[in-house]
Amino acid sequence: MFNIILFGPPGSGKGTQSANLISKYGLKHLSTGDLLRSEITLQTPLGIEAKNFMDKGQLVPDEVVIGMISTALETNPEAQGFLFDGFPRTDAQAEALDKLLTLKKTSIAVMFALDVSEDELIKRLLNRGQSSGRSDDVSENIIRSRIQEYENKTKPVADYYKRFNKVIHIKGEGTVNEIFEFLSNEIEKRKEKIQATVS
Ligand code: AP5
């Protein structure tokens with residue numbers, strides 16, 4: 001199994017790059033943002049609770065998202081690997097993910113951290129807000145709250161994986177293809193290493 005985390009602030013390109021990577025490497029895409037938005041569309045109790053936080057640009061409580069990821073791991077036993085997009089976002093989520101993957105006798109191979117300036121993030125998200133229908137993209141204040149949550153609670157998660165030498169920082173500005181090529185090269189190197197260790 002080859003498991004990746006795509007990490008970075010709101011609007012850094014995690015979803016965009018995930019779409020390309022899962023089709024190239026046959027990974028199962030697990031985006032907590034997408035899972036939460038499906039719950040909102042279905043108007044489940046979980047979705048109704050989560051919407052209150054998401055509309056303010058705040059993180060949804062850990063137990064909610066950890067539960068969703070745990071279910072997603074259980075319901076995809078055939079997956080060759082997972083691409084985590086927007087998860088983990090707190091130290092508690094990172095620790096829970098490690099435990100869940102250990103139960104599956106696997107672990108995170110690499111975390112790619114996309115670095116993008118704040119001005120560019122705001123420009124991208126306001127631009128997407130004109131057509132996305134996402135309530136958290138329409139106001140600059142909400143976008144700034146999302147970035148603040150990232151700075152306060154999520155950025156430190158990279159330190160958790162740095163301890164295990166698993167973090168690679170990538171410039172998230174440039175064309176989508178340039179960034180995808182860089183990510184692909186780094187994945188190839190790691191996959192080769194893992195295969196060499198196994199054989
Ligand atoms: P989530 O859905 O995860 O959103 P996010 O992290 O805020 O980020 P986005 O999806 O908006 O951005 P992205 O980095 O994926 O960039 P994208 O490729 O879309 O989370 C939403 C909310 O759910 C959170 O605020 C929180 O409330 C809750 N939540 C989710 N997970 C949670 C968790 N684990 N714990 C607690 N709460 C959680 O690109 C953005 C735009 O930029 C697009 O228009 C795209 O076309 C454009 N773009 C992409 N790449 C480029 C490029 N290279 N150049 C120019 N434009 C580009």
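Treat the numbers as computed from the prediction; the structure is a model and nothing was measured. Counting starts at 1 for both ligands and their atoms, in listed order.
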Non-hydrogen atom of Gly8 closer than 4.0 Å to ligand 1: no
Proximity to ligand 1 by part of Asp137, non-hydrogen separation under 4.0 Å: neither
Pairwise distance OH(Tyr150) to CZ(Arg89) - rounded to 0.5 angstrom: 9.5 Å
Glu178 to ligand 1, any heavy atom closer than 4.0 Å: no
Thr16, any N or O under 3.5 Å of ligand 1 N or O: yes
Close approach of Thr90 to ligand 1, heavy atoms, under 4.0 angstrom: no
Nitrogen or oxygen atoms of Lys14 and ligand 1 under 3.5 Å apart: yes
Which segment of Leu114 sits under 4.0 Å of ligand 1 when only heavy atoms are counted: neither
Close approach, Arg134 and ligand 1, non-hydrogen under 4.0 angstrom: yes
Proximal atoms of ligand 1 relative to Pro9 (non-hydrogen, under 4.0 Å): 14 (O)
Glu118 bridged to Arg144 by N-O distance under 4.0 Å: yes
Closest approach of any protein heavy atom to atom 12 (O) of ligand 1, naming residue and atom: Gly11 N, 2.9 Å
Ligand 1 contact on Gln93 by region, counting heavy-atom pairs under 4.0 Å: side chain
Ligand 1 contact on Gln17 by region, counting heavy-atom pairs under 4.0 Å: neither
Gly15-ligand 1 polar pair, N/O distance under 3.5 Å: yes
Check: Phe7 and Thr154 side chains under 4.5 Å, non-hydrogen atoms: yes
Check: Tyr160/Gln93 side-chain N/O donor and acceptor closer than 3.5 Å: no
Under 4.0 Å to a heavy atom of Phe87 - the qualifying atoms of ligand 1, by number: 34 (N)
Close N or O approach (Met54, ligand 1; < 3.5 Å): no
Polar proximity ligand 1 side, Val65 side, N/O cut 3.5 Å exclusive: no
Contacting atoms of ligand 1, where contact means under 4.0 angstrom from a heavy atom of Gly86: 31 (N), 32 (C), 33 (C), 34 (N)
Residue part near ligand 1, for Val60, under 4.0 Å between non-hydrogen atoms: both
Residue and atom name of the nearest protein heavy atom (relative to atom 5 (P) of ligand 1), distance in Å to one decimal: Arg89 NH2, 3.4 Å
Numbered atoms of ligand 1 (with element) below 4.0 Å of Gly174, judged on heavy atoms: 52 (C), 53 (N), 54 (N)
Lys104 atom NZ, neighbour heavy-atom count above 12 within 6.0 Å: yes
Asp119 and Arg124 ion-paired at < 4.0 Å: no
Residue-ligand contact Gly57/ligand 1, heavy atom below 4.0 Å: no
Distance filter under 4.0 Å to Arg37 heavy atoms, resulting ligand 1 atoms: 2 (O), 21 (C)
From the candidates Thr32, Leu59, Leu36, the one that places a heavy atom nearest atom 29 (N) of ligand 1: Leu36
Side-chain heavy-atom pair Asp136, Asp55 within 4.5 angstrom cut-off: no
Under-4.0 Å heavy-atom contact with ligand 1, by part of Leu125 that carries it: side chain
Nitrogen or oxygen of Glu120 less than 3.5 angstrom from that of ligand 1: no
Test side-chain hydrogen bond (donor to acceptor under 3.5 Å, both in side chains) applied to Glu186 - qualifying residues, sequence neighbours left out: Lys189, Arg190
Which segment of Pro61 sits under 4.0 Å of ligand 1 when only heavy atoms are counted: neither
For atom 50 (N) of ligand 1, the protein heavy atom that lies nearest, with its residue and separation: Arg124 NH1, 3.7 Å
Ligand 1 contact by Phe53, heavy-atom criterion under 4.0 angstrom: no
Element-labelled atoms of ligand 1 that are located less than 4.0 Å from some non-hydrogen atom of Ile179: 53 (N)
With sequence neighbours excluded, residues passing side-chain hydrogen bond (donor to acceptor under 3.5 Å, both in side chains) with Lys153: Glu149
Side-chain donor-acceptor contact under 3.5 Å, Asp115 with Ser12: no
Option of least heavy-atom distance to atom 9 (P) of ligand 1 (set: Lys171, Arg128, Gln58): Arg128
